[in-house]
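Remarks on the structure that follows.
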Amino acid sequence: MARIPSLKSLNAFPHAEEHLLKKTYSGAIVTILGLIIMFTLFVHELQFYLMTYTVHQMSVDLKRGETLPIHINMSFPSLPCEVLSVDAIDMSGKHEVDLHTSIWKLRLDRYGHIIGTEYLSDLVEKGHGAHRDHDHGHENHDEEKKHEHTFNEDAEKMVKSVKQALENGEGCRVYGMLDVQRVAGNFHISVHGLNIFVAEKIFEGSSHVNVSHVIHDLSFGPKYPGIHNPLDETSRILHDTSGTFKYYIKVVPTEYRYLSKKVLPTNQFSVTEYFLPIRPTDRTWPAVYFLYDLSPITVTIKEERRNFLHFLTRLCAVLGGTFAMTGMLDRWMYRLIESVTNSKTRSVLR
(Lines give C-alpha, C1' and ligand atoms only; values in the text may rest on other atoms or scores of the structure.)
Protein backbone atom coordinates (compact mmCIF):
# COMPACT_ATOMS: atom_id res chain seq x y z
CA MET A 1 0.00 0.00 0.00
CA ALA A 2 1.46 3.35 -1.04
CA ARG A 3 1.93 5.85 1.77
CA ILE A 4 0.40 9.30 1.43
CA PRO A 5 3.24 11.85 1.88
CA SER A 6 0.95 14.55 3.30
CA LEU A 7 -0.33 12.18 6.02
CA LYS A 8 2.72 12.89 8.19
CA SER A 9 1.59 16.47 8.65
CA LEU A 10 -1.40 15.21 10.66
CA ASN A 11 0.80 13.49 13.30
CA ALA A 12 -0.02 15.02 16.71
CA PHE A 13 2.85 13.13 18.41
CA PRO A 14 6.12 14.03 16.65
CA HIS A 15 9.21 12.19 17.92
CA ALA A 16 12.60 13.79 18.41
CA GLU A 17 15.84 12.00 17.63
CA GLU A 18 17.29 9.96 20.48
CA HIS A 19 20.44 12.08 20.70
CA LEU A 20 18.29 15.21 21.10
CA LEU A 21 16.58 13.90 24.23
CA LYS A 22 18.05 14.81 27.60
CA LYS A 23 17.23 12.77 30.71
CA THR A 24 17.54 14.42 34.11
CA TYR A 25 17.25 13.38 37.76
CA SER A 26 14.44 15.86 38.29
CA GLY A 27 12.54 14.28 35.39
CA ALA A 28 12.98 10.83 36.94
CA ILE A 29 11.64 12.06 40.29
CA VAL A 30 8.63 13.67 38.62
CA THR A 31 8.01 10.50 36.59
CA ILE A 32 8.04 8.27 39.69
CA LEU A 33 5.76 10.71 41.51
CA GLY A 34 3.39 10.76 38.54
CA LEU A 35 3.26 6.95 38.35
CA ILE A 36 2.43 6.72 42.05
CA ILE A 37 -0.35 9.30 41.67
CA MET A 38 -1.75 7.57 38.57
CA PHE A 39 -1.75 4.14 40.26
CA THR A 40 -3.49 5.56 43.33
CA LEU A 41 -6.14 7.27 41.22
CA PHE A 42 -6.62 4.14 39.11
CA VAL A 43 -7.30 2.03 42.22
CA HIS A 44 -9.69 4.68 43.52
CA GLU A 45 -11.61 4.83 40.24
CA LEU A 46 -11.77 1.02 40.06
CA GLN A 47 -13.22 0.84 43.57
CA PHE A 48 -15.68 3.60 42.69
CA TYR A 49 -16.78 1.63 39.61
CA LEU A 50 -17.17 -1.69 41.47
CA MET A 51 -19.08 -0.08 44.34
CA THR A 52 -22.85 -0.28 44.04
CA TYR A 53 -25.14 2.64 44.77
CA THR A 54 -28.86 2.82 45.47
CA VAL A 55 -31.68 4.63 43.69
CA HIS A 56 -34.91 5.42 45.56
CA GLN A 57 -38.29 5.41 43.85
CA MET A 58 -41.75 5.99 45.33
CA SER A 59 -45.13 4.68 44.23
CA VAL A 60 -48.58 3.94 45.65
CA ASP A 61 -48.70 0.80 47.80
CA LEU A 62 -50.94 -1.75 46.06
CA LYS A 63 -50.46 -4.68 48.47
CA ARG A 64 -53.57 -6.23 50.00
CA GLY A 65 -54.34 -9.11 52.30
CA GLU A 66 -50.81 -9.63 53.58
CA THR A 67 -49.56 -9.87 57.15
CA LEU A 68 -47.13 -7.51 58.80
CA PRO A 69 -44.18 -9.21 60.55
CA ILE A 70 -42.97 -7.50 63.72
CA HIS A 71 -39.62 -8.56 65.18
CA ILE A 72 -39.19 -7.60 68.82
CA ASN A 73 -36.31 -8.00 71.26
CA MET A 74 -36.78 -6.12 74.54
CA SER A 75 -35.61 -6.37 78.13
CA PHE A 76 -37.58 -5.38 81.23
CA PRO A 77 -35.05 -5.27 84.10
CA SER A 78 -37.67 -4.66 86.82
CA LEU A 79 -40.50 -7.06 85.86
CA PRO A 80 -40.43 -10.89 86.09
CA CYS A 81 -41.53 -12.95 83.10
CA GLU A 82 -44.54 -14.37 84.98
CA VAL A 83 -46.37 -11.03 84.92
CA LEU A 84 -45.58 -9.90 81.36
CA SER A 85 -47.83 -10.47 78.38
CA VAL A 86 -47.81 -9.35 74.75
CA ASP A 87 -51.20 -8.15 73.49
CA ALA A 88 -52.22 -6.86 70.06
CA ILE A 89 -55.27 -5.16 68.59
CA ASP A 90 -55.90 -3.70 65.12
CA MET A 91 -58.50 -1.58 63.36
CA SER A 92 -60.29 -4.67 62.07
CA GLY A 93 -61.31 -5.39 65.67
CA LYS A 94 -59.05 -8.38 66.07
CA HIS A 95 -57.79 -8.49 69.65
CA GLU A 96 -55.25 -11.07 70.75
CA VAL A 97 -54.27 -11.32 74.40
CA ASP A 98 -50.99 -12.87 75.50
CA LEU A 99 -49.95 -13.70 71.95
CA HIS A 100 -48.41 -17.13 71.39
CA THR A 101 -46.87 -16.52 67.97
CA SER A 102 -43.16 -17.36 68.15
CA ILE A 103 -42.59 -15.29 71.28
CA TRP A 104 -40.08 -16.31 73.93
CA LYS A 105 -39.48 -14.95 77.41
CA LEU A 106 -36.07 -15.26 79.05
CA ARG A 107 -35.76 -14.89 82.80
CA LEU A 108 -32.92 -12.54 83.76
CA ASP A 109 -31.14 -12.08 87.08
CA ARG A 110 -30.35 -8.63 88.47
CA TYR A 111 -27.14 -8.58 86.38
CA GLY A 112 -28.93 -9.35 83.10
CA HIS A 113 -27.79 -12.97 82.83
CA ILE A 114 -30.26 -15.57 81.53
CA ILE A 115 -31.52 -17.98 84.21
CA GLY A 116 -34.49 -19.58 82.44
CA THR A 117 -36.47 -19.80 79.21
CA GLU A 118 -40.21 -19.86 78.70
CA TYR A 119 -42.37 -20.02 75.57
CA LEU A 120 -45.18 -17.50 75.85
CA SER A 121 -48.43 -19.53 75.82
CA ASP A 122 -52.09 -18.62 75.54
CA LEU A 123 -53.75 -16.80 78.41
CA VAL A 124 -56.01 -19.17 80.31
CA GLU A 125 -59.29 -17.34 80.87
CA LYS A 126 -60.70 -17.61 84.39
CA GLY A 127 -64.16 -16.23 83.59
CA HIS A 128 -67.53 -17.30 85.00
CA GLY A 129 -69.93 -15.93 82.38
CA ALA A 130 -70.79 -19.10 80.42
CA HIS A 131 -74.44 -19.98 79.76
CA ARG A 132 -75.61 -22.87 81.92
CA ASP A 133 -78.53 -25.25 81.80
CA HIS A 134 -81.01 -24.75 84.69
CA ASP A 135 -81.48 -28.52 85.06
CA HIS A 136 -77.88 -28.89 86.18
CA GLY A 137 -77.72 -25.81 88.42
CA HIS A 138 -76.48 -27.53 91.60
CA GLU A 139 -73.84 -29.52 89.71
CA ASN A 140 -72.55 -26.42 87.94
CA HIS A 141 -72.55 -24.48 91.21
CA ASP A 142 -70.31 -27.13 92.78
CA GLU A 143 -68.00 -26.97 89.77
CA GLU A 144 -67.79 -23.18 90.11
CA LYS A 145 -66.83 -23.47 93.76
CA LYS A 146 -64.17 -26.04 92.94
CA HIS A 147 -62.90 -23.89 90.07
CA GLU A 148 -62.79 -20.79 92.31
CA HIS A 149 -60.95 -22.73 95.01
CA THR A 150 -58.38 -23.95 92.47
CA PHE A 151 -58.00 -20.42 91.07
CA ASN A 152 -57.38 -19.01 94.55
CA GLU A 153 -54.70 -21.62 95.22
CA ASP A 154 -53.00 -20.96 91.89
CA ALA A 155 -53.22 -17.21 92.43
CA GLU A 156 -51.62 -17.45 95.88
CA LYS A 157 -48.79 -19.55 94.49
CA MET A 158 -48.25 -17.05 91.69
CA VAL A 159 -48.27 -14.07 94.07
CA LYS A 160 -45.62 -15.69 96.25
CA SER A 161 -43.52 -16.67 93.24
CA VAL A 162 -43.64 -13.20 91.67
CA LYS A 163 -42.92 -11.41 94.95
CA GLN A 164 -39.91 -13.64 95.47
CA ALA A 165 -38.74 -12.86 91.92
CA LEU A 166 -39.15 -9.12 92.57
CA GLU A 167 -37.11 -9.38 95.75
CA ASN A 168 -34.37 -11.21 93.81
CA GLY A 169 -34.33 -8.43 91.22
CA GLU A 170 -35.45 -10.64 88.35
CA GLY A 171 -36.10 -9.16 84.93
CA CYS A 172 -37.34 -10.51 81.63
CA ARG A 173 -36.29 -10.45 78.00
CA VAL A 174 -39.09 -10.77 75.45
CA TYR A 175 -38.15 -11.62 71.90
CA GLY A 176 -39.62 -13.22 68.81
CA MET A 177 -41.93 -12.34 65.95
CA LEU A 178 -45.57 -11.31 65.69
CA ASP A 179 -47.62 -11.74 62.52
CA VAL A 180 -50.40 -9.15 62.54
CA GLN A 181 -52.92 -7.93 59.97
CA ARG A 182 -51.61 -5.33 57.54
CA VAL A 183 -53.79 -2.56 58.98
CA ALA A 184 -53.23 0.10 61.61
CA GLY A 185 -53.16 -1.18 65.17
CA ASN A 186 -51.01 -1.54 68.24
CA PHE A 187 -49.26 -4.11 70.35
CA HIS A 188 -48.19 -3.61 73.91
CA ILE A 189 -46.20 -5.38 76.58
CA SER A 190 -47.67 -5.06 80.04
CA VAL A 191 -49.12 -6.79 83.11
CA HIS A 192 -52.62 -6.65 81.58
CA GLY A 193 -52.69 -10.44 81.26
CA LEU A 194 -52.91 -10.72 85.05
CA ASN A 195 -56.15 -10.94 86.95
CA ILE A 196 -56.79 -7.51 88.47
CA PHE A 197 -56.91 -8.87 92.03
CA VAL A 198 -53.68 -10.81 91.53
CA ALA A 199 -51.99 -7.69 90.14
CA GLU A 200 -53.16 -5.66 93.17
CA LYS A 201 -51.76 -8.27 95.56
CA ILE A 202 -48.42 -8.39 93.77
CA PHE A 203 -47.75 -4.69 93.19
CA GLU A 204 -50.07 -3.05 95.76
CA GLY A 205 -51.13 -0.46 93.21
CA SER A 206 -50.35 0.46 89.62
CA SER A 207 -47.88 3.17 90.66
CA HIS A 208 -45.46 0.42 91.77
CA VAL A 209 -45.24 -1.23 88.35
CA ASN A 210 -41.88 -0.29 86.84
CA VAL A 211 -41.97 -0.67 83.06
CA SER A 212 -38.35 0.39 82.51
CA HIS A 213 -37.17 -1.24 79.32
CA VAL A 214 -34.40 -1.54 76.76
CA ILE A 215 -35.34 -2.06 73.09
CA HIS A 216 -32.52 -4.11 71.61
CA ASP A 217 -34.22 -4.54 68.26
CA LEU A 218 -37.56 -3.59 66.74
CA SER A 219 -38.21 -4.05 63.04
CA PHE A 220 -41.10 -4.67 60.67
CA GLY A 221 -39.47 -7.16 58.34
CA PRO A 222 -36.05 -8.42 57.29
CA LYS A 223 -33.12 -6.02 57.24
CA TYR A 224 -31.46 -4.78 54.06
CA PRO A 225 -28.06 -3.06 53.58
CA GLY A 226 -28.08 0.45 55.00
CA ILE A 227 -31.35 0.23 56.93
CA HIS A 228 -31.61 2.18 60.18
CA ASN A 229 -34.25 1.24 62.73
CA PRO A 230 -34.58 4.29 65.01
CA LEU A 231 -35.59 2.34 68.14
CA ASP A 232 -32.67 -0.10 68.17
CA GLU A 233 -30.71 0.05 71.46
CA THR A 234 -33.18 2.51 72.98
CA SER A 235 -33.11 2.57 76.80
CA ARG A 236 -35.85 4.03 79.00
CA ILE A 237 -35.16 3.52 82.72
CA LEU A 238 -37.51 4.90 85.40
CA HIS A 239 -36.44 5.88 88.90
CA ASP A 240 -39.00 6.37 91.69
CA THR A 241 -41.85 6.83 89.22
CA SER A 242 -44.08 4.84 86.94
CA GLY A 243 -46.11 5.41 83.80
CA THR A 244 -46.98 4.36 80.29
CA PHE A 245 -44.70 4.66 77.29
CA LYS A 246 -46.28 5.16 73.88
CA TYR A 247 -44.34 4.87 70.64
CA TYR A 248 -46.18 6.22 67.57
CA ILE A 249 -44.80 4.47 64.52
CA LYS A 250 -45.32 5.22 60.83
CA VAL A 251 -44.49 2.08 58.82
CA VAL A 252 -43.29 2.64 55.24
CA PRO A 253 -43.57 -0.42 52.94
CA THR A 254 -40.22 -0.98 51.23
CA GLU A 255 -38.82 -3.19 48.50
CA TYR A 256 -35.07 -3.69 48.20
CA ARG A 257 -33.90 -4.89 44.77
CA TYR A 258 -30.41 -6.40 44.64
CA LEU A 259 -28.13 -6.38 41.58
CA SER A 260 -28.93 -10.08 41.21
CA LYS A 261 -32.61 -9.08 40.63
CA LYS A 262 -33.61 -10.62 43.95
CA VAL A 263 -36.42 -8.64 45.62
CA LEU A 264 -36.61 -8.31 49.40
CA PRO A 265 -40.02 -7.06 50.66
CA THR A 266 -39.69 -5.35 54.04
CA ASN A 267 -40.62 -2.15 55.90
CA GLN A 268 -38.86 0.82 57.40
CA PHE A 269 -40.38 3.22 59.90
CA SER A 270 -40.19 6.54 61.70
CA VAL A 271 -41.22 7.04 65.32
CA THR A 272 -42.17 9.62 67.94
CA GLU A 273 -42.62 8.78 71.61
CA TYR A 274 -44.63 9.97 74.58
CA PHE A 275 -44.48 9.19 78.31
CA LEU A 276 -47.57 9.48 80.52
CA PRO A 277 -46.81 9.36 84.27
CA ILE A 278 -49.18 7.39 86.49
CA ARG A 279 -51.07 9.39 89.11
CA PRO A 280 -52.34 7.85 92.36
CA THR A 281 -55.96 8.33 91.22
CA ASP A 282 -55.47 6.56 87.86
CA ARG A 283 -57.15 3.20 87.38
CA THR A 284 -54.99 2.25 84.39
CA TRP A 285 -51.90 0.07 84.63
CA PRO A 286 -48.52 1.03 83.14
CA ALA A 287 -47.52 -0.52 79.82
CA VAL A 288 -45.30 -0.05 76.79
CA TYR A 289 -47.42 0.64 73.71
CA PHE A 290 -46.35 0.53 70.08
CA LEU A 291 -49.05 2.19 67.96
CA TYR A 292 -48.37 1.71 64.26
CA ASP A 293 -49.95 2.95 61.06
CA LEU A 294 -49.02 2.16 57.45
CA SER A 295 -48.02 4.70 54.85
CA PRO A 296 -49.92 4.52 51.52
CA ILE A 297 -46.60 5.08 49.71
CA THR A 298 -44.13 2.28 49.08
CA VAL A 299 -40.41 2.93 48.59
CA THR A 300 -38.38 0.89 46.11
CA ILE A 301 -34.62 0.85 46.64
CA LYS A 302 -32.61 -0.48 43.70
CA GLU A 303 -28.95 -1.42 43.70
CA GLU A 304 -27.14 -0.21 40.57
CA ARG A 305 -23.60 -0.18 39.23
CA ARG A 306 -21.99 2.56 37.14
CA ASN A 307 -21.67 2.18 33.39
CA PHE A 308 -18.38 0.72 32.12
CA LEU A 309 -18.00 3.49 29.50
CA HIS A 310 -18.44 6.02 32.30
CA PHE A 311 -15.62 4.27 34.15
CA LEU A 312 -13.35 4.44 31.05
CA THR A 313 -14.15 8.13 30.54
CA ARG A 314 -13.27 9.00 34.14
CA LEU A 315 -10.14 6.85 33.98
CA CYS A 316 -8.89 8.56 30.81
CA ALA A 317 -9.60 11.99 32.28
CA VAL A 318 -7.79 11.24 35.53
CA LEU A 319 -4.75 9.50 34.00
CA GLY A 320 -4.48 11.97 31.12
CA GLY A 321 -4.74 14.94 33.47
CA THR A 322 -2.06 13.50 35.75
CA PHE A 323 0.22 12.85 32.78
CA ALA A 324 -0.23 16.41 31.52
CA MET A 325 0.39 17.92 34.96
CA THR A 326 3.58 15.88 35.52
CA GLY A 327 4.80 16.95 32.05
CA MET A 328 4.24 20.62 32.96
CA LEU A 329 5.92 20.12 36.34
CA ASP A 330 8.92 18.49 34.66
CA ARG A 331 9.32 21.43 32.25
CA TRP A 332 9.05 23.97 35.08
CA MET A 333 11.63 22.12 37.18
CA TYR A 334 13.97 21.77 34.20
CA ARG A 335 13.80 25.48 33.41
CA LEU A 336 14.24 26.42 37.07
CA ILE A 337 17.32 24.21 37.42
CA GLU A 338 18.71 25.49 34.11
CA SER A 339 18.26 29.12 35.14
CA VAL A 340 19.93 28.55 38.50
CA THR A 341 22.82 26.67 36.86
CA ASN A 342 23.32 29.39 34.22
CA SER A 343 23.35 32.16 36.81
CA LYS A 344 25.99 30.34 38.82
CA THR A 345 28.11 29.79 35.69
CA ARG A 346 27.96 33.50 34.81
CA SER A 347 28.96 34.55 38.31
CA VAL A 348 31.98 32.20 38.21
CA LEU A 349 33.10 33.55 34.80
CA ARG A 350 32.99 37.13 36.11
Side-chain angles (χ1 to χ4, degrees), residues 1-59 219 222-230 232-233 252 254-266 268 270 298-350:
M1 178 180 172
R3 295 182 181 178
I4 303 174
S6 61
L7 191 61
K8 285 185 179 181
S9 62
L10 299 177
N11 185 6
F13 308 100
H15 298 281
E17 295 290 336
E18 186 69 26
H19 66 278
L20 297 177
L21 299 176
K22 184 178 180 181
K23 296 183 178 181
T24 61
Y25 287 108
S26 62
I29 293 172
V30 172
T31 301
I32 294 171
L33 181 63
L35 289 174
I36 292 173
I37 293 174
M38 283 191 281
F39 178 77
T40 305
L41 292 176
F42 170 76
V43 172
H44 177 268
E45 287 297 325
L46 184 62
Q47 289 177 341
F48 184 72
Y49 166 68
L50 295 176
M51 184 176 60
T52 58
Y53 66 99
T54 55
V55 176
H56 292 67
Q57 298 175 339
M58 292 187 291
S59 58
S219 58
K223 296 184 178 181
Y224 60 83
I227 190 173
H228 172 67
N229 293 323
D232 286 0
E233 302 305 326
V252 181
T254 304
E255 279 189 354
Y256 192 88
R257 298 178 181 270
Y258 291 91
L259 275 176
S260 60
K261 306 302 180 183
K262 177 185 174 184
V263 179
L264 179 69
T266 183
Q268 51 186 323
S270 62
T298 184
V299 176
T300 301
I301 305 173
K302 296 170 64 177
E303 281 187 350
E304 292 190 0
R305 182 168 286 164
R306 291 164 182 85
N307 189 280
F308 182 69
L309 290 178
H310 186 218
F311 165 68
L312 284 181
T313 304
R314 289 176 60 95
L315 194 61
C316 290
V318 167
L319 298 184
T322 306
F323 184 79
M325 285 300 298
T326 51
M328 292 172 60
L329 182 61
D330 175 54
R331 287 194 295 273
W332 292 340
M333 289 186 65
Y334 177 75
R335 289 175 182 175
L336 179 63
I337 293 171
E338 283 291 312
S339 63
V340 171
T341 305
N342 290 337
S343 64
K344 284 183 179 180
T345 304
R346 289 171 187 168
S347 62
V348 169
L349 291 174
R350 287 177 185 175

ask   = Nearest 0.5 Å, what's the CZ-NE2 distance between Phe48 and His310?
value = 7.0 Å

note = CE (Met51) and CZ (Arg306) are apart, to the nearest 0.5 Å, by 5.0 Å

request  = Using atom types as modelled and distance alone, determine if a side-chain donor or acceptor of Glu255 lies under 3.5 Å from a backbone N or O of Thr300.
outcome  = no

With a 3.5 Å cut-off and sequence neighbours excluded, list the donor-acceptor pairs that the side chains of residues 33-44 form with protein atoms.
| unit_1 | atom_1 | unit_2 | atom_2 | d |
| --- | --- | --- | --- | --- |
| Thr40 | OG1 | Ile36 | O | 2.8 |

query = Looking at CD of Gln268 and CD1 of Ile301, how far apart are the two atoms once the value is rounded to the nearest 0.5 Å?
reply = 5.0 Å

ask   = Rounded to the nearest 0.5 Å, how far does CG of Leu264 lie from OG1 of Thr266?
value = 6.0 Å

request  = Please list all pairs passing the salt bridge (charged side-chain N to carboxylate O under 4.0 Å, His left out) test where one or both residues lie in residues 29-39, with sequence neighbours left out.
outcome  = none

note = So salt bridge (charged side-chain N to carboxylate O under 4.0 Å, His left out) across residues 24-33, not counting sequence neighbours, yields none

message = Suppose the criterion is salt bridge (charged side-chain N to carboxylate O under 4.0 Å, His left out): which pairs have a residue in residues 310-328, not counting sequence neighbours?
response = Glu45-Arg314

ask   = Counting only heavy atoms not in Phe323, do more than 12 sit closer than 6.0 Å to its CZ atom?
value = no

request  = With sequence neighbours excluded, give me every side chain to side chain donor-acceptor pair (under 3.5 Å) pair touching residues 49-58.
outcome  = Tyr53-Glu304

query = Excluding sequence neighbours, so at least two apart, what forms side-chain contact (heavy atoms from CB on, under 4.5 Å) with Met58?
reply = Ile297, Val299

query = Looking at OG1 of Thr322 and CG of Leu329, how far apart are the two atoms once the value is rounded to the nearest 0.5 Å?
reply = 12.0 Å

message = What I'd like to find out is whether the side chain of Tyr256 reaches to under 4.5 Å of the side chain of Pro225, using heavy atoms alone.
response = yes

inquiry  = Using every non-hydrogen atom in the two residues, find where Leu309 and Asn307 come nearest and quote the distance to one decimal.
reply    = N-OD1, 2.7 Å

key: Heavy-atom closest pair, residues Asn229 and Ser219   = ND2-CB, 3.5 Å

